[in-house]
2 protein chains.
Amino acid sequence: MDLLFIAARDVAGKSASVLAAAGLGRAHARALHFIARNPGLSVAELLGFLKITKQSLNRVMSDLLKGGFVERKTGMQDRRTRSLQLTPAGKALADAVWNAQRPILAAAFRSAGQDAVGGYRKVLIGIAGDPERWRKNP
Amino acid sequence: MDLLFIAARDVAGKSASVLAAAGLGRAHARALHFIARNPGLSVAELLGFLKITKQSLNRVMSDLLKGGFVERKTGMQDRRTRSLQLTPAGKALADAVWNAQRPILAAAFRSAGQDAVGGYRKVLIGIAGDPERWRKNP
DNA sequence: CTATTTATGACAGCATGTCTGACGTAACGA
DNA sequence: TCGTTACGTCAGACATGCTGTCATAAATAG
């Protein structure tokens with residue numbers, strides 16, 4: 001418990017300075033992160049990842065769109081949906097955030113060793129569930 | 001990254017209903033958690049765990065004191081400090097929160113196996129640092 | 001003993017992030 | 001055509017964090 005809280009807090013905290021420079025907060029970073037990892041996802045899917053309400057996401061997305069970090073296109077299969085993806089500026093920002101966080105994870109992974117990382121992933125997947133289903137709401 | 005975020009979110013989320021019934025939020029739960037695990041700790045130590053400002057903690061602690069969940073006594077060695085510990089009501093609440101969260105962790109630990117849990121802890125300690133030093137500020 | 005530092009408490013105001021509720025529009029599907 | 005779905009948006013509220021400021025008591029340095 002303690003470990004999970006402290007680790008998540010510290011990793012998220014590392015990105016603060018990079019984000020502040022772009023006038024964004026942590027909520028923006030989380031949205032940015034999942035859009036970066038799942039290009040072209042819909043708003044509903046993004047909500048599934050973040051588990052917040054669409055009204056909450058709205059403010060965050062407005063900022064990202066105004067800032068030119070995210071691009072919103074009408075979905076091709078279902079024209080009601082919006083396909084979200086990062087602009088070059090968005091990619092640059094996501095990379096900057098990642099570069100701020102990577103050293104901690106890399107150091108922890110290296111010092112713990114391959115086997116430990118395998119166990120780490122196994123347990124977290126046990127807690128978080130199948131990544132393939134994160135995007136679904138329930 | 002994704003795993004860490006989702007896992008922390010889901011575990012913390014499980015306690016929401018229990019906390020809401022007591023009129024408290026997640027910030028209260030975090031304070032309660034660290035007081036439960038480190039009985040008699042000082043305010044400065046609690047701030048070291050939570051990494052928030054004393055002004056932010058103030059509101060949370062006021063609520064916990066008013067609600068009769070936490071007890072505050074003058075420190076014995078250093079009379080400037082305040083020794084914090086849970087009241088019976090606080091312990092009951094902390095237990096209720098823990099009982100809401102335990103099943104997820106227990107299931108994940110069981111299905112991942114002993115070795116995986118060892119690796120999980122090893123990596124998280126690598127990210128979060130030595131637990132003995134969490135209570136220190138810098 | 002005096003001056004300074006430390007640990008804490010309190011209050012005011014502000015920013016962020018989240019929520020519920022309500023309404024509207026466009027597109028899908030039976 | 002009609003009900004449902006996916007989304008956008010406005011309004012108002014709450015929770016949680018922050019900075020800044022002042023006050024007090026106790027420890028500590030000189």
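Just so we're on the same page: letters track the sequence lines, and every chain starts at 1.
- Side-chain contact between B:Leu3 and A:Trp134 is present, with at least one heavy-atom pair separated by less than 4.5 Å.
- Remark: A:Phe109 pairs with A:Tyr120 by the ring-ring contact (aromatic ring centres under 6.0 Å, His included) rule, at least two apart or across chains.
- Taking atom CG on A:Leu19 and atom C1' on C:dT16, their separation rounds to 13 Å, with Å as the unit.
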Extract all donor-acceptor atom pairs below 3.5 Å that involve side chains of residues 60-70 of chain A and protein atoms in other chains or at least two apart in sequence.
| from | atom 1 | to | atom 2 | distance (Å) |
| --- | --- | --- | --- | --- |
| A:Ser62 | OG | A:Asn58 | O | 2.8 |
| A:Ser62 | OG | A:Asn58 | OD1 | 3.2 |
| A:Asp63 | OD2 | A:His28 | NE2 | 2.9 |

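- The side chain to side chain donor-acceptor pair (under 3.5 Å) check on A:Asp2 picks up B:His33, with sequence neighbours excluded.
- Note: NZ (A:Lys51) to P (C:dC19) measures 12 Å, nearest angstrom.
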| task | Treat primed atoms plus P, OP1 and OP2 as sugar-phosphate and everything else as base, then score nucleotides 22-30 of chain C 5' to 3': B for base contact with protein heavy atoms under 4.0 Å, S for sugar-phosphate contact only, - for none. | result | B----BS--
| Criterion side chain to side chain contact (heavy atoms under 4.5 Å, CB included) on A:Asp115 and B:Asp115, from CA distance to verdict | CA-CA 9 Å; A:Asp115 290 352; B:Asp115 291 351; over 6 Å; no
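- A:Ala36 approaches A:Ala94 most closely through the heavy-atom pair CB-CB, 4.4 Å.
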| said: A:Leu105 vs B:Val123, test: side chain to side chain contact (heavy atoms under 4.5 Å, CB included). Steps then yes/no. | reply: CA-CA 8 Å; A:Leu105 292 173; B:Val123 172; over 6 Å; no
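- Between A:Gly25 and A:Leu19, the closest heavy-atom pair is O-CD1, 3.8 Å.
- Extent of DNA chain D lying under 4.0 Å from chain B heavy atoms, first and last nucleotide in 5' to 3' order, is D:dT16 to D:dA27.
- In this structure B:Thr87 satisfies the side chain to side chain donor-acceptor pair (under 3.5 Å) test with no other residue, sequence neighbours excluded.
- Going from atom CG of A:Leu50 over to atom P of C:dC19 covers 10 Å, rounded to whole Å.
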| side chain to side chain contact (heavy atoms under 4.5 Å, CB included) between B:Asp130 and B:Ile125, intermediate numbers included | CA-CA 6 Å; B:Asp130 181 0; B:Ile125 289 175; 5.9 Å; no
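- Each side-chain hydrogen bond (donor to acceptor under 3.5 Å, both in side chains) pair with one or both residues in residues 67-77 of chain B, not counting sequence neighbours, would appear here, but there are none.
- Taking the side chain as every heavy atom from C-beta outward, A:Ile127 and B:Ile6 never approach each other to under 4.5 Å.
- Listed by residue number, the members of residues 93-100 of chain B with any heavy atom below 4.0 angstrom from DNA chain C form an empty set.
- Taken residue by residue, residues 23-35 of chain B places heavy atoms nearer than 4.0 Å to DNA chain D at B:Gly25, B:Arg26, B:Ala27, B:His28, B:Arg30.
- Contact check for A:Arg121 versus A:Leu124: no side-chain heavy atoms found under the 4.5 Å cut-off.
- Heavy atoms of B:Ser62 sit nowhere under 4.0 angstrom from any nucleic acid atom.
- For C:dG17, the OP1/OP2 oxygens have no side-chain nitrogen or oxygen of A:Ser56 closer than 4.0 Å.
- An end-to-end axis angle of 40° holds for the helix from C:dC1-D:dG30 to C:dA30-D:dT1, taken from five base pairs per end and rounded to 10°.
- Residue pairs meeting the side-chain hydrogen bond (donor to acceptor under 3.5 Å, both in side chains) criterion with at least one partner in residues 9-22 of chain A, sequence neighbours excluded, are absent.
- Sorted by first then second residue, the ring pair (Phe, Tyr, Trp, His ring centres under 6.0 Å) pairs that include residues 36-58 of chain B, not counting sequence neighbours, are B:Phe34-B:Phe49.
- Using a 4.5 Å cut-off on side-chain heavy atoms (C-beta onward), B:Thr81 and B:Val43 make no contact.
- The distance from atom CG of B:Leu47 to atom P of C:dG9 is 9 Å, rounded to the nearest whole Å.
- Protein atom CZ of B:Arg59 is 18 Å distant from nucleotide atom C1' of C:dT8, rounded to whole Å.
- In this structure, A:Asp63 atom CG and C:dT16 atom P are separated by 9 Å, rounded to whole Å.
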